[in-house]
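Below you'll find the structure, written out as structure tokens, and then a few comments.
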Amino acid sequence: MSKVTCDISISVDGYGAGPGQRLEAPLGEGGDRLHRWVFEQPEANAEVIEKITSAGAYIMGRNMFGPGRGAWDLDWNGWWGEEPPYHAPVFVLTHHPRETVTMKGGTTFTFVTGGIERALAQARKAAGDEDVAIAGGVRTVNQYLAAGLIDELRLHVAPVVLGAGERLFEGTGDLRLEPAEVSRTDLVMHLTYRIVR
């Protein structure tokens, strides 16, 4: 049976993005350091990266898709250029309707205005027997954790202290996490937890 997973890089002090997120700094001040392991050590982290990119469908918040609020800039098609890394359907949570955007490599962005449960239902249907991944950002992950809709949480903890920003686990309640797997390089500690209900 397919499951709902979540991969998120965080700092040692629990932040998935630094303060001051904006177009020029989508991950906030210092937030890009959370992902050095992906870009500087792809071979050492190949198995983890494969898990992240193997979902049948993804869900993300609007901020992870783009910097805007309010009405859409229809020329903006995401942070990743013409061929995003998902290669699958992506459901973007938003309060503002927008037509589906089809990108190279099989990524489609569908914009969902009906909330997290509706996005999950659409993603499950699109994924079929494959897993659905909650891609982020932090607020989106926290909403799904609070609602008890994530089965497996995979934290990628960078040896970085941000001190402020978007913090994971805010408003999620008392989660019961069962450790499942640990691996590491000098740039990241990978911690996999099953969420016990």
Margin query: Contact between V160 and Y15 at the side-chain level, heavy atoms closer than 4.5 Å - yes or no?
Written below: no

Notebook entry, point to check: Side-chain heavy atoms under 4.5 angstrom apart, residues restricted to Ile, Leu, Val, Met, Phe, Trp, Tyr: same cluster for W37 and M189?
Noted result: no

Next item on the list: Hey, could you give me the CG/CZ distance between L177 and R194, rounded to the nearest 0.5 Å?
Entry: 12.0 Å

Next item on the list: Measure the CZ-OG distance between R154 and S9 for me, rounded to the nearest 0.5 Å.
Entry: 12.0 Å

Next item on the list: Please report the closest heavy-atom contact between A164 and P19, naming both atoms and the distance.
Entry: O-CD, 3.3 Å

Next item on the list: Report whether V4 and V92 are members of the same hydrophobic cluster (ILVMFWY, side-chain heavy atoms less than 4.5 Å apart, transitive linking).
Entry: no

Margin query: Once rounded to the nearest 0.5 Å, what's the spacing between atom CG of L145 and atom CD1 of I150?
Written below: 4.0 Å

Check: Would you say the side-chain atoms of D13 pair up with the backbone N or O of L162, donor to acceptor, closer than 3.5 Å?
Finding: yes

Notebook entry, point to check: Same cluster or not: are F169 and L191 linked, directly or through other Ile, Leu, Val, Met, Phe, Trp or Tyr residues, by side-chain heavy atoms under 4.5 angstrom apart?
Noted result: yes

Margin query: Using side-chain heavy atoms (C-beta onward) and a distance below 4.5 Å, is V38 in contact with H156?
Written below: no

Next item on the list: Return yes when atom CD of E47 has more than 12 non-hydrogen atoms of other residues, nucleotides or ligands closer than 6.0 Å, and no otherwise.
Entry: no

Margin query: I'd like to know whether CZ of R139 has more than 12 heavy-atom contacts from other residues, nucleotides or ligands below 6.0 angstrom.
Written below: no

Check: Are any side-chain N or O atoms of D131 and backbone N or O atoms of S2, one a donor and one an acceptor, separated by less than 3.5 Å?
Finding: no

Checklist line | Full working for salt bridge (Lys or Arg N to Asp or Glu O under 4.0 Å) between K51 and E181 | finding: CA-CA 13 Å; K51 285 182 181 180; E181 193 175 328; 3.4 Å; yes

Notebook entry, point to check: Are V182 and L155 grouped together when hydrophobic residues (ILVMFWY) are joined by side-chain heavy atoms under 4.5 angstrom apart?
Noted result: yes

Item checked: Closest non-hydrogen atom pair, L27 against H35 -> CD1-CD2, 3.4 Å

Item checked: Heavy-atom pair with the smallest gap, counting every atom of P159 and V188 -> CD-N, 4.2 Å

Next item on the list: Report, as yes or no, whether the 6.0 Å neighbourhood of atom CZ on R69 holds more than 12 heavy atoms from other residues, nucleotides or ligands.
Entry: yes

Next item on the list: Kindly check if the number of other-residue, nucleotide or ligand heavy atoms within 6.0 Å of CD (E99) is above 12?
Entry: no

Check: Can you name the one residue among W80, W76, Y58, F91 that meets ring-ring contact (aromatic ring centres under 6.0 Å, His included) with F109?
Finding: W80

Margin query: Quick check: do V161 and S11 have side-chain heavy atoms less than 4.5 Å from each other?
Written below: no

Checklist line | Q21 side chain vs P26 backbone, donor-acceptor pair below 3.5 Å | finding: yes

Check: Are the side chain of H87 and the backbone N or O of G106 linked by a donor-acceptor pair below 3.5 Å?
Finding: no

Next item on the list: Determine whether F39 and L187 fall in the same hydrophobic cluster, where Ile, Leu, Val, Met, Phe, Trp and Tyr are linked whenever their side-chain heavy atoms lie under 4.5 Å apart.
Entry: yes

Notebook entry, point to check: Is M60 close to T140 at the side-chain level, that is, under 4.5 Å between some pair of heavy atoms?
Noted result: no

Margin query: When you compare the side chains of Q41 and D186, does any donor N or O come within less than 3.5 Å of an acceptor on the partner?
Written below: yes

Next item on the list: To the nearest 0.5 Å, tell me how far N45 CG sits from E40 CD.
Entry: 11.0 Å

Note to self: I'd like to know if the side chain of R62 and the backbone of G68 have a donor-acceptor N/O pair within less than 3.5 Å.
What the structure shows: yes

Check: How long is the gap from CD1 on I10 to CG on L34, to the nearest 0.5 Å?
Finding: 8.5 Å

Check: Between A17 and V138, which heavy-atom pair has the shortest distance, and what is it?
Finding: N-CG2, 4.4 Å

Item checked: Distance in Å, E83 CD paired with M103 CE, rounded so as to fall on 0.5 Å steps -> 9.0 Å

Check: Hey, are the side chains of L93 and I116 touching, using non-hydrogen atoms and a 4.5 Å cut-off?
Finding: yes

Item checked: Closest approach of A57 to A126 (non-hydrogen atoms, all atoms of both residues) -> CB-CB, 4.4 Å

Margin query: In the structure I gave you, are the side-chain heavy atoms of W72 and T94 within less than 4.5 Å of one another anywhere?
Written below: yes

Check: Taking the side chain from R197 and the backbone from G148, do they hold a donor-acceptor pair closer than 3.5 Å?
Finding: yes

